[in-house]
Every structure is written in C-alpha cells, then in structure tokens.
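One structure is given below, represented as structure tokens, and several questions about it will come after.
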Amino acid sequence: EDTRRRVTQSELLELTDNNDLMNEVIDLYATSRLLSLDNDPSTRQPTVEVAHEAILREWDRLRQWLNQSRQDIREQRTIAQAANAWHENQRDTSYLLTGSRLDAAIKWKKETELALTPLEKDFINISTAQAEEKQQAEEERKAREDALERRSQTILRALVGVFALATALSVGLSIFAMTSRNE
C-alpha cells in the first residue's frame, strides 16, 4: 500500500528548471489541502508531504499514475538512497554503481519519465564515467599483456632458433671431429 513520504522542498525544486512554477504548484496544492508544508525537525528545511494517505487511496487518477510507475518509483528510490549514501561519504568512489546495477540504472535512466535530482544524475553519470575509465584501463592492461606475450614468444622463438643452430653446429663439428680422427 502506498504511504506518504516527506521530502524537502529543495528536493522538489531540483526536479525542475522553473522554481517559480514549482513553488506555485506546491502553494496551490497546499491551499487546497492536498499537501502539507512543515519544517524538518533536525535541519529546519521546509518540507512537503501529501496531506493524508486517504488522498493516495481515493484519488483514482493519482492511484493510476502510481500503479503505472511503481517500478520506476522503486528504482528511483533505490538510486536516490545510493546517491545520498555516496554524497554523505564525501563522494567516495567505492559507493558508485558498478556492473549489472550500473547497467540497470543507465537503462532505467534512458527509459523513465521520472525527473531525477542533480545529485542522482551526477551519481549515475560519475558511476558511468568511472566504469568507462576502469574498462579503458583494463583494455590497456590487456593490450600490454598481449604485447608482452608476443615479445616473450618472439624471444622464445629466437632462443629455439639459437639452440637449433648450436645443435646443428655441434653435430657438424662432432662429425668433422670424428671424420678427422678417423683419417
């Protein structure tokens, strides 16, 4: 069941380029008592939340929108939590997305109609950039290893050639020596 969630007003404003319009919409819904405005107890930042959970249950169109985008909302919240953890830990690279989680986030970002905050966009973009850097470094390492392997094979072939030549020379000298002794 859907439940209301408190968000900071700044988080909502980050979702759009037109802050005046967003503030106007928030004020309109607050005046209509669909949203309640408050301040976060710890940070004292202005917050916004749905006034009552009955709105989520009884407003058919809103419920439809929520049902249609349920998977998107889950994915967005997962990314938001990961982005916040990354930000709270001084943007430590170990908190960035990698592997299949990154692939899923990139695919989701391309397909979703949900707006992302600048932090969430940065989080996905920096995760992508780091993955590309790692992939490029891996490709360079592999190229160096391949070059070293080719060099080793060339040296090995040269050594085999030298040993073959030395063997042929020693066999030839042995035959010459035995022929000379017999004469």
Side-chain angles (χ1 to χ4, degrees), residues 1-30 32 34-53 55-143:
E1 186 174 334
D2 294 314
T3 59
R4 60 188 181 163
R5 182 174 75 99
R6 181 180 299 201
V7 295
T8 62
Q9 194 165 354
S10 61
E11 186 178 338
L12 292 176
L13 295 176
E14 288 175 349
L15 297 175
T16 182
D17 295 330
N18 191 342
N19 288 351
D20 293 335
L21 179 62
M22 181 61 84
N23 278 323
E24 194 175 311
V25 169
I26 291 170
D27 290 341
L28 177 67
Y29 279 82
S32 302
L34 296 173
L35 294 177
S36 65
L37 306 177
D38 199 1
N39 289 317
D40 186 280
S42 60
T43 64
R44 303 302 304 155
Q45 289 185 316
T47 61
V48 178
E49 71 179 312
V50 173
H52 198 279
E53 289 183 5
I55 294 171
L56 298 171
R57 287 190 305 270
E58 301 302 324
W59 188 357
D60 289 334
R61 187 167 208 169
L62 178 60
R63 196 172 61 245
Q64 261 183 331
W65 289 336
L66 290 171
N67 288 336
Q68 288 171 351
S69 56
R70 184 148 331 273
Q71 188 58 38
D72 274 349
I73 292 169
R74 282 189 191 116
E75 187 66 29
Q76 187 274 332
R77 288 207 180 133
T78 301
I79 289 172
Q81 288 173 348
N84 287 331
W86 170 66
H87 183 69
E88 289 168 3
N89 287 284
Q90 290 76 42
R91 295 184 173 224
D92 184 354
T93 57
S94 65
Y95 285 84
L96 293 174
L97 297 173
T98 58
S100 61
R101 289 178 54 211
L102 176 59
D103 294 340
I106 292 169
K107 181 181 177 196
W108 173 81
K109 182 182 172 191
K110 289 178 184 175
E111 295 172 354
T112 190
E113 294 179 9
L114 296 180
L116 297 174
T117 65
L119 176 64
E120 294 163 353
K121 289 176 188 174
D122 285 349
F123 178 64
I124 293 173
N125 292 340
I126 292 173
S127 293
T128 303
Q130 183 187 19
E132 288 171 355
E133 287 174 12
K134 282 184 178 180
Q135 182 178 4
Q136 184 177 3
E138 179 63 24
E139 288 171 1
E140 289 171 1
R141 184 193 60 77
K142 186 166 176 24

So CD of Gln130 and CG of Leu102: to nearest 0.5 Å the spacing works out to 9.5 Å
When rounded to the nearest 0.5 Å, the distance separating NE2 of His87 from CZ of Phe123 is 12.5 Å
Would a 4.5 Å heavy-atom cut-off, applied to side chains only, mark Leu97 and Ile106 as touching?
no
So for atom CZ, which belongs to Arg5, do other residues, nucleotides or ligands contribute more than 12 heavy atoms lying within a distance under 6.0 Å? yes
query = Just by distance, with hydrogens left out, do Ser94 and Asp92 show a side-chain donor and acceptor under 3.5 Å apart?
reply = yes
Next on the checklist: Does Gln136 have more than 12 heavy atoms from other residues, nucleotides or ligands lying within 6.0 Å of its CD?
Outcome noted: no
Open item on the list: Quick one, Asn125 and Lys109 - any side-chain contact, counting heavy atoms below 4.5 Å?
Closed with: yes
Taken to the nearest 0.5 Å, the spacing of Arg141 CZ from Glu138 CD works out to 4.0 Å
Nearest heavy-atom approach of Leu12 to Ile26 is CD1-CD1, 3.9 Å
- Message: Any non-hydrogen side-chain atom of Glu75 less than 4.5 Å from a side-chain atom of Thr112?
- Response: no
Checklist entry - Taking the side chain from Arg4 and the backbone from Ala51, do they hold a donor-acceptor pair closer than 3.5 Å? => result yes
Glu24 atom CD, neighbour heavy-atom count above 12 within 6.0 Å = no
So OG1 of Thr8 and CG of Asn39: to nearest 0.5 Å the spacing works out to 11.0 Å
Distance col, row Leu35:CG vs Thr47:OG1, nearest 0.5 angstrom, shows 10.5 Å
* Is the shortest heavy-atom distance from the side chain of Arg63 to the side chain of Asp60 under 4.5 Å? -> yes
d(Leu37 CG, Glu49 CD) to nearest 0.5 Å is 9.5 Å
**Asked** Taking atom CD of Glu113 as the centre, does the number of heavy atoms from other residues, nucleotides or ligands within less than 6.0 Å exceed 12?
**Response** no
In Val50, Asp38, Val48, the residue satisfying side-chain contact (heavy atoms from CB on, under 4.5 Å) with Arg6 is Asp38
Closest non-hydrogen atoms of Glu14 and Pro118, given as atom of the first, atom of the second and distance, are CB-CD, 3.5 Å
Check whether more than 12 heavy atoms from other residues, nucleotides or ligands sit under 6.0 Å from atom CG of Asp17, and answer yes or no. no
Check: Can you find a pair of side-chain heavy atoms, one from Leu119 and one from Arg91, that are under 4.5 Å apart?
Finding: yes
| said: Using the rule given for side chain to side chain contact (heavy atoms under 4.5 Å, CB included), can you reason through Leu66 versus Leu56, listing the C-alpha separation, both sets of side-chain angles and the distance that settles it, and then say yes or no? | reply: CA-CA 9 Å; Leu66 290 171; Leu56 298 171; 3.9 Å; yes
Side chain to side chain donor-acceptor pair (under 3.5 Å) test vs Trp108 passes for just one of Thr78, Asp72, Asp103, namely Asp72
Residues Leu116 and Leu15: closest non-hydrogen pair is C-CD2, 3.8 Å
Query - Main-chain N/O of Asn18 paired with Thr16 side-chain donor or acceptor, under 3.5 Å - result: yes
